[in-house]
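Let me begin by presenting the structure, written as structure tokens, before commenting on it.
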There are 2 protein chains.
Amino acid sequence: MSTIRGARERARIEVTAAIKDEARKQLAEEGAAKLSLRAVARELGMVSSALYRYFPSRDDLLTALIVDAFDAIGAVAEQAAERTEALPPAGRWVAVACAVREWALAHPHEYALIYGSPVPGYIAPTDTVGPASRVGLVLIDIVRSAVLADDLALPPLADELRADAERMAADFAEGVPPEAVAALVAAWAQLFGLISFELFGQFNRVVEAREPLFRQAAGELARSVGLRDSGTA
Amino acid sequence: MSTIRGARERARIEVTAAIKDEARKQLAEEGAAKLSLRAVARELGMVSSALYRYFPSRDDLLTALIVDAFDAIGAVAEQAAERTEALPPAGRWVAVACAVREWALAHPHEYALIYGSPVPGYIAPTDTVGPASRVGLVLIDIVRSAVLADDLALPPLADELRADAERMAADFAEGVPPEAVAALVAAWAQLFGLISFELFGQFNRVVEAREPLFRQAAGELARSVGLRDSGTA
DNA sequence: CGAAAGCAAGAGCACTGCTCTCGTTCTTGG
DNA sequence: CCAAGAACGAGAGCAGTGCTCTTGCTTTCG
């Protein structure tokens, strides 16, 4: 599959990429709200209606950017995990968290696009769920690789939570005990809460030492999912 | 101050309130992106230009809604804290957290307005910082009221964080030890991370038992700031 | 009472997303 | 190989937006 049949198909791929690049550029400069199809077309030297041959609507363009952003932040997380494979799990956890945070700081508008308020009538197309889960899967993997070596003492689960935690474990975190899965999902959300507060201005006039605070909190989150600082393996 | 001088002034207040109400209604239905000045004016039976006598721009209208939303969620938090004054601190913490979450679930678009991605060129007018800090102040108060009775064992702070934590304690959390202040600020962000993930769809197809998960995580966050479950007031 | 300030209305500008039509160009099956 | 058909870019146009400016009317107040 994906063999390029002719000049037309090749051109289509290139133009599609050019549109996304220009859109990403405008997104980085002005934010999603100011992203204008007409401005993108103008900058590319084509007329606005021509753009609809490639994206059926503005929302579809945004969706494409969303998928790309999820993939980018997912790739960053995966790379950080690979790069630190030798480290103890808690260290890997913090490394992944810091990598994600740094990507967010470097691409604030793209981060806002995927972890801020859903922009349009917030449909969540099915093609976003795959890329969207990559960061989470990295965190799960780190915990999974550690859970065998470490007998963890996690807080017991309430009954209503236990059943769902077992389902989650079966669904996407096989081999991880339910207590850890529940803590993991919560820690996942909390990690992005820290990043969002920093990025969206909630820490303005409050926190100055943001990187140290993030490291400290990420380290505590690692503990909360059962990773010990002096973890063996 | 604030004595109503005449019919004109009284009318101005009423019209301003009517505009905000209609805007809030449209915000709740369609979200901030779709909020249209012209539609608000239309619904109110006036012409769009007349609206500019009351709000100099669309962003100013949004800012007014933001302030109101911060006040509303702050009031909810304060009420929850008052209502549970007799409970042990950890219980109050969870009660406040749940109250905030429930307000968010009931007013998703208003929540997105204040804790989602900053909508316009994200200026943060000075008149928003007061209302914005009310929830945080409630949490600080709970910890402060408990810190005397409980000798807490919190993780030590890194050097770069310690200085800032001491500054924060002096600035807005007098009487709370720096370890608790750092944990508090992080827990504050993490709390809203949990709410945002649930509200913005990140938990779709992942977490089903969201309320139990939130309670569990909020309880752990209470522990993380030094509040014991069996705390003796 | 009359000047001044506050107000609503309307027209208008520049911009947006999106649709439709019309020639042109490339692709492909008979 | 060439004609039918699909893909494409350009342009005009529609409905909607935020915002400005001018024009009269009404309320306020010296």
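To find a chain, count down the sequence lines: A is the first, B the second, and so on, and within it residues start at 1.
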A:D60 atom CG is separated from C:dG17 atom C1', nearest whole Å, by 13 Å
Give a yes or no on this: more than 12 heavy atoms of other residues, nucleotides or ligands lie within 6.0 Å of atom CD of B:E29.
-> yes
Ring pair (Phe, Tyr, Trp, His ring centres under 6.0 Å) pairs touching residues 44-70 of chain B, sequence neighbours excluded, are B:F70-B:Y115
Between D:dG16 (P) and A:L37 (CG): distance, integer Å = 19 Å
Nucleic acid contacts of residues 17-24 of chain A, taken as heavy-atom distances under 4.0 Å to DNA chain D = none
Taking distance alone, no hydrogens or angles, what donor-acceptor pairs closer than 3.5 Å link side-chain atoms of residues 35-42 of chain B to residues at least two apart or in another chain?
residue: B:S36; atom: OG; partner: B:R38; partner atom: N; Å: 3.2
residue: B:S36; atom: OG; partner: B:A39; partner atom: N; Å: 3.0

Roughly how many Å is it from CD in B:E30 to P in D:dG16, rounded to a whole number?
-> 14 Å
Just jot down the side chain to side chain contact (heavy atoms under 4.5 Å, CB included) partners of B:A69, sequence neighbours excluded, or say none.
-> B:W103, B:E110, B:I114
Over how many whole Å does the gap from B:Y52 atom OH to D:dT22 atom P extend?
-> 17 Å
Without hydrogens or angle criteria, can the side chains of A:D60 and A:S57 be said to hold a donor-acceptor pair below 3.5 Å?
-> yes
Nucleotide C:dG17, atom C1' - distance to CZ of A:F55 in whole Å | 16 Å
Using a cut-off of strictly less than 4.0 Å, decide whether B:S36 has a side-chain nitrogen or oxygen near OP1 or OP2 of D:dG18.
-> yes
Roughly, in whole Å, what's the span from CG in B:D59 to C1' in D:dT17?
-> 14 Å
Check side chain to side chain contact (heavy atoms under 4.5 Å, CB included) between A:A104 and all other residues, then give those that pass, not counting sequence neighbours.
-> A:Y111, A:I195, A:L199
Summary of protein contacts for nucleotides 1-12 of chain C, nucleotide by nucleotide, where a base hit scores B, a sugar-phosphate-only hit scores S (4.0 Å, heavy atoms) | -----BBBBB-B
Whole-Å gap separating P (D:dT27) and CD (B:E14) = 15 Å
With sequence neighbours left out, the residues meeting side chain to side chain contact (heavy atoms under 4.5 Å, CB included) with B:E220 are A:P155, B:R223
What residues form a side chain to side chain donor-acceptor pair (under 3.5 Å) with A:R53, not counting sequence neighbours?
-> none
Between C1' of D:dG18 and CG of B:L35, the distance in whole Å = 12 Å
If you look only at distance, which donor and acceptor atoms sit under 3.5 Å apart when one is on a side chain in residues 92-99 of chain A and the other is two or more places apart or in another chain?
residue: A:R92; atom: NE; partner: A:A81; partner atom: O; Å: 3.4
residue: A:R92; atom: NE; partner: A:T84; partner atom: O; Å: 3.4
residue: A:R92; atom: NH2; partner: A:A81; partner atom: O; Å: 2.9
residue: A:W93; atom: NE1; partner: A:A218; partner atom: O; Å: 3.3

